[in-house]
Amino acid sequence: MAQNDQQPRVLIFDTTLRDGEQSPGATMTHEEKLEIAGLLDEMGVDIIEAGFPIASEGDFAAVSEIAKRARNSTICGLARANYKDIDRAWEAVKHAKSPRIHTFIGTSPLHRAIPNLDMDQMAERIHDTVTHARNLCDNIQWSPMDATRTEADYLCRVVEIAIKAGATTINIPDTVGYTYPMESAKIIRMLLERVPGADTITFATHCHNDLGMATANSLAAVEAGARQIECTINGLGERAGNTALEEVVMALRVRNDILPFRTGIDTTKIMHLSRRVSTVSGFVVQPNKAIVGKNAFVHESGIHQDGVLKNVETFEIMKPEHIGLTVKNIAMGKHSGRAALRAKLRELGFDLADNQLNDVFVRFKALADRKKEVYDDDLIALVADEQTNDAHEHLQLKKLRVICGTEGPQEADMILTIGGEDHHIDATGDGPVDAAFMCVKMLFPHKARLQVYQVHAVTEGTDAQATVSVRLEEDGRIVTGTAADTDTIVASTRAYINALNRLIVRRTKSAPDADVKSVNYTDAP
Ligand code: KIV
Ligand code: ZN
């Protein structure tokens with residue numbers, strides 16, 4: 001059965017930019033947030049949770065700008081259960097054609113204990129804050145955080161209060177990924193049966209993946225009557241992450257025979273968004289990740305390959321084209337021209353401005369000279385690098401030579417441009433990467449701690465490009481830098497420098513305690 005207009009619509013609420021970005025190290029720049037929001041809007045996401053405006057000036061600015069630019073999606077801002085948060089969220093989203101305020105409070109016994117509110121006091125807070133939000137905006141979402149560990153009677157009571165106070169969407173968060181499918185469905189059914197006015201609002205499901213059941217729990221909630229799924233691209237999010245958008249959307253499409261619901265998502269945009277979120281967040285997608293993993297459509301074993309060659313449906317339940325995955329082939333050669341490159345990049349989802357295309361073209365030619373075959377994934381890595389590493393940043397790698405091998409110590413010799421001026425140094429280290437990083441540290445002293453250093457080969461073969469991500473932490477600020485190059489040491493050093501450039505920007509823009517990750521979620525200020 002195919003999805004059709006007669007089927008009930010499930011709204012897709014994407015929280016990559018709020019719950020996803022909250023994941024340690026997944027911090028995105030302002031421009032990256034705008035880009036991802038634009039892609040989500042274009043893909044047909046119904047509601048984009050663009051951030052948590054009270055958390056920092058940066059979050060406020062991003063939510064406001066996303067609200068101004070959104071063409072189709074409703075733009076939502078998160079607020080705790082207090083007037084200050086709600087007013088700030090409204091200030092940020094009010095520019096949108098369709099704004100929404102999302103306010104929440106933890107209702108389970110464990111969460112009630114933190115602000116030290118008894119059941120009646122919390123009920124009163126919910127009434128007052130939802131009423132306040134509804135006086136500002138007519139589209140209000142309310143969430144009882146940790147709903148799945150909240151007593152059933154109390155959950156019914158507070159949901160009724162929120163509906164009476166004017167909430168138009170009630171979201172049921174499984175904040176700690178604790179529920180399982182039958183229970184997830186049971187909670188939605190109970191609320192629909194027991195709460196007066198439940199039939200006048202939309203129920204949403206918001207699942208975390210701590211037990212690996214977020215997708216199943218979300219779909220079970222839909223079967224029971226929820227009509228909004230909250231999710232993130234690649235399942236990005238704290239701990240084990242959130243429900244993955246691509247999984248629920250494709251499950252609703254592929255198993256429409258037993259889940260007869262439709263969404264407004266253009267699924268052919270999934271792969272491009274997955275790659276961009278992976279690049280800008282620095283969170284690499286595991287190869288065997290459902291739908292968007294590198295191996296999701298690869299058939300290695302003889303039996304599988306034979307079956308697929310005879311009839312692709314023997315081992316494929318969906319087509320790669322459905323998620324926008326083009327067949328992997330040799331994309332381009334060193335004789336390919338600018339127009340061919342532009343066309344190829346468009347096919348891969350990148351619509352570059354002329355100056356950006358020129359820069360990418362120069363690098364593509366250099367890559368084609370060094371590498372026998374340039375694949376789609378090479379081009380994607382190259383564009384991602386171009387978009388991440390800006391030639392006008394404070395620190396630039398001008399020259400690097402390393403000496404490495406079985407006889408240590410390894411040595412690096414570097415020219416680093418700092419604020420437009422070249423500085424030269426050499427250093428030794430425990431391996432060539434360590435030596436190169438040491439050069440950077442000596443030329444640009446800082447106290448940032450290296451939290452993550454990851455290297456991935458973009459394609460097969462010893463001439464493959466390496467993409468590197470480096471996560472640094474300094475005074476509570478966490479930044480991720482990425483870079484790609486056929487030389488792993490160069491890619492590593494540029495990723496490290498990219499992270500430092502981001503740290504420099506963050507130092508000037510926000511006090512560490514204004515960072516979204518350090519905002520206390522349960523306690524109202
Ligand atoms: O997981 C959660 O409970 C949340 C709330 C803020 C809705 O993200
Ligand atoms: Zn959450």
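Note that ligands are numbered from 1 as they come in the structure, with each ligand's atoms numbered from 1 the same way.
Counting atoms of ligand 1 from 1 in the listed order, those under 4.0 Å from a heavy atom of Pro173 are 2 (C), 3 (O). For ligand 1, the atoms lying closer than 4.0 Å to a non-hydrogen atom of His208 are 1 (O). Near Asp19, with a cut-off below 4.0 Å to any heavy atom, the atoms of ligand 1 are 8 (O). Of all atoms in ligand 1, listed by their number and element, those nearer than 4.0 Å to a heavy atom of His206 are 1 (O), 2 (C), 4 (C), 8 (O). Remark: ligand 1 atoms within the under-4.0 Å shell around heavy atoms of Met145 are 3 (O).
Contact annotation for Thr175 and ligand 1: heavy atoms of both the backbone and the side chain come within less than 4.0 Å of the ligand. At a heavy-atom cutoff of 4.0 Å, ligand 1 is contacted by the side chain of Arg18 but not by its backbone.
With hydrogens and angles left out, the side-chain atoms of Glu49 and His102 include a donor and acceptor closer than 3.5 Å. Glu238 and Gln22 share a donor-acceptor pair across their side chains, judged by distance under 3.5 Å alone.
Asp118 places no side-chain N or O within 3.5 Å of a backbone atom of Met122 that could act as its donor or acceptor partner. For Asp146 (side chain) and Thr175 (main-chain N/O), no donor-acceptor pair under 3.5 Å exists by modelled atom type.
Using a cut-off of 2.8 Å, one finds that Glu230 contributes no N/O/S atom close to the Zn ion (ligand 2).
The pair Arg157-Asp120 meets the salt-bridge criterion, with a side-chain N (NZ, NE, NH1 or NH2) lying under 4.0 Å from an Asp/Glu carboxylate O. Electrostatic pairing of Glu65 and Arg69 counts as a salt bridge here, judged by a charged N lying under 4.0 Å from a carboxylate O. Salt-bridge formation is detected for the pair Lys33/Asp59: a Lys NZ or Arg NE/NH1/NH2 atom is positioned less than 4.0 Å from an Asp or Glu carboxylate oxygen.
Looking only at its N/O/S atoms, Asp19 has OD2 as the one nearest to the Zn ion (ligand 2). His208 contributes atom NE2 as its closest N/O/S atom to the Zn ion (ligand 2).
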